[in-house]
2 protein chains.
Amino acid sequence: MTAERYTGGLDFILDQTSGVPYYRQVIKQVEMAVADGRLNKGSKLPTVRSLAVHLQINPNTVARAYNEMEIRGIVNTQQGTGTFISEKKIDLTDEERKDILDALIRSFLANASSYGFNIDDVTGHLNTLKEDVKL
Amino acid sequence: MTAERYTGGLDFILDQTSGVPYYRQVIKQVEMAVADGRLNKGSKLPTVRSLAVHLQINPNTVARAYNEMEIRGIVNTQQGTGTFISEKKIDLTDEERKDILDALIRSFLANASSYGFNIDDVTGHLNTLKEDVKL
DNA sequence: TGATCTGTACTAATAAACTAGTACGATATT
DNA sequence: AATATCGTACTAGTTTATTAGTACAGATCA
């Protein structure tokens, strides 16, 4: 029986051929897990070391991912305890939230349109996803 | 009367403090213009040199932006003639298109959720945008 | 309080990204 | 064919990003 490496029930995997930096792959996988409900507020992430061992990378690379998420408010960390999905989001005014969302969506639409998709394609597919994705 | 620098009616501007590379800012501004209808299929982009002069950067930096868009299929270029918004998109199967859109949207949702937005926030705001954005 | 768990600081080596200088080749126009 | 207008190739310098090695510091628990 081998010592199991704790990954919080998540299947972290690195694509070493994608060219995407390891720490960003980690962030994206956490974001995805939050987005579809596999991680909830207060959920504990694997420790820096255990995930580093699991992914066979340096602990600092995992730490960097966690630190960036900490800055963004996605997680909060406590030495000696661990890293957890944030309980509450930063408090912004409705106006600020709206502006941020607007910028995010416009940027996304611009990107999508460069692939030939229009706003109706997006909304159409979003409706399909609504059943799969639990937020 | 000063020689006017042709920018195709678009107001290209570089934010030198954002940290975002110049060539990516150019790409984004073209994508945005395509997304909201300021640029249509066949529209001519400013020449590499004229835009380089306008933005006060090296022609190769503009060329890099154009070249990347060429690879993505957003524009097509012809030496001696100029660079134009692509007439037609690459031919993909419906299945391929669906997979690409799905990946794009899921990635976006993950990103949006890291800001605290959920799928309903997104769809709600999209409906607001439908009137502004013409694709 | 000692052992062991947690994240972190500091350094450095390497790789990749970014931009510019300069010269070239292809196309269009006259 | 000459000339002006287009994008491109090649090179190189500089900066930034990425990752790892190693050692440290805070928190928990037996």
Side-chain angles (χ1 to χ4, degrees), chain A residues 3-8 12-30 42-86, chain B residues 3-8 12-30 42-86:
Chain A
E4 194 52 39
R5 289 164 290 199
Y6 177 64
T7 59
F12 284 98
I13 292 177
L14 291 182
D15 181 347
Q16 300 184 323
T17 68
S18 69
V20 179
Y22 296 159
Y23 80 98
R24 276 197 217 162
Q25 294 188 39
V26 170
I27 292 174
K28 180 58 78 179
Q29 287 176 43
V30 172
S43 295
K44 187 177 190 298
L45 291 179
T47 69
V48 166
R49 268 178 192 69
S50 66
L51 185 52
V53 170
H54 175 71
L55 296 176
Q56 295 184 286
I57 59 177
N58 192 282
N60 269 334
T61 304
V62 176
R64 175 171 180 176
Y66 283 15
N67 190 49
E68 191 156 311
M69 289 192 287
E70 164 97 69
I71 293 172
R72 290 202 222 160
I74 302 174
V75 302
N76 49 41
T77 63
Q78 290 179 322
Q79 270 202 358
T81 308
T83 304
F84 305 85
I85 301 298
S86 289
Chain B
E4 192 54 39
R5 287 164 294 199
Y6 176 65
T7 61
F12 283 99
I13 292 178
L14 291 182
D15 181 347
Q16 299 185 324
T17 68
S18 68
V20 179
Y22 296 159
Y23 82 99
R24 277 198 216 163
Q25 294 188 39
V26 170
I27 292 174
K28 180 59 78 178
Q29 287 175 41
V30 172
S43 295
K44 186 176 191 298
L45 292 179
T47 69
V48 165
R49 269 179 190 69
S50 65
L51 186 52
V53 170
H54 176 71
L55 296 176
Q56 295 183 287
I57 59 178
N58 191 282
N60 268 334
T61 304
V62 177
R64 176 171 180 174
Y66 283 15
N67 191 48
E68 190 154 313
M69 290 191 288
E70 164 97 68
I71 292 171
R72 290 203 222 159
I74 302 174
V75 302
N76 49 40
T77 61
Q78 290 179 323
Q79 274 204 355
T81 309
T83 303
F84 305 85
I85 302 298
S86 289

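Only this structure's heavy atoms are used, side chains among them; waters, hydrogens and symmetry mates stay out. In the text below, chain A, chain B and the rest are named by the order of the sequence lines, each starting its count at 1.
Side-chain contact check for V26(B) versus Y22(B): every heavy-atom pair is 4.5 Å or farther apart. Side-chain contact between L55(A) and Q25(A) is absent, with no heavy atoms from C-beta onward closer than 4.5 Å. At least one side-chain heavy atom of M69(A) sits under 4.5 Å from a side-chain heavy atom of L45(A).
With dT19(D), dT8(D), dC24(D) as the candidates, the nucleotide lying closest to the side chain of R49(A) is dC24(D). In the set dT19(D), dG7(D), dG21(D), the nucleotide with an atom closest to the side chain of Y23(A) is dT19(D).
The CD atom of Q78(A) sits 16 Å away from the C1' atom of dC29(D) (whole-angstrom rounding). Whole-Å rounding puts the R64(B) CZ to dA9(D) C1' distance at 15 Å. Atom C1' of nucleotide dG7(D) and atom CG of N58(B) are separated by 13 Å, given to the nearest angstrom. Taking atom CG of residue N67(B) and atom P of nucleotide dC6(D), one finds them 18 Å apart after rounding to whole Å. As rounded to whole Å, 16 Å separates atom C1' of dA9(D) from atom CD of E70(B). Between the CG atom of N60(B) and the P atom of dA9(D) there is a distance of 10 Å, given to the nearest Å.
Comparing Q79(A) and Q79(B) by the nucleotide of DNA chain C whose heavy atom lies nearest to each, the residue mapping closer to the 5' end is Q79(A). With DNA chain D read from its 5' end, the first of the two nearest nucleotides for I57(A) and T81(B) is the one closest to T81(B).
Interatomic distance, Q16(B) CD to I57(B) CD1, rounded to the nearest 0.5 Å: 9.5 Å. Note that OG1 of T47(A) is 12.0 Å distant from NE2 of H54(A), once rounded to the nearest 0.5 Å. Separation of atoms CD1 (I85(B)) and CD1 (I74(B)) is listed at 8.0 Å; rounding is to 0.5 Å.
Between T83(B) and dG7(D) there is a side-chain polar atom (N or O) within less than 4.0 angstrom of OP1 or OP2. Under 4.0 angstrom from either OP1 or OP2 of dA20(D) there lies at least one side-chain N or O belonging to T61(A). For the pair R24(A) and dA17(D), the criterion of a side-chain N or O lying under 4.0 Å from OP1 or OP2 is not met.
Bounding nucleotides for the chain B contact on DNA chain C, 5' to 3', at a heavy-atom distance below 4.0 Å, are dC18(C) to dA28(C).
The backbone N or O of T77(A) lies less than 3.5 Å from a partner atom in the side chain of E70(A), making a donor-acceptor pair.
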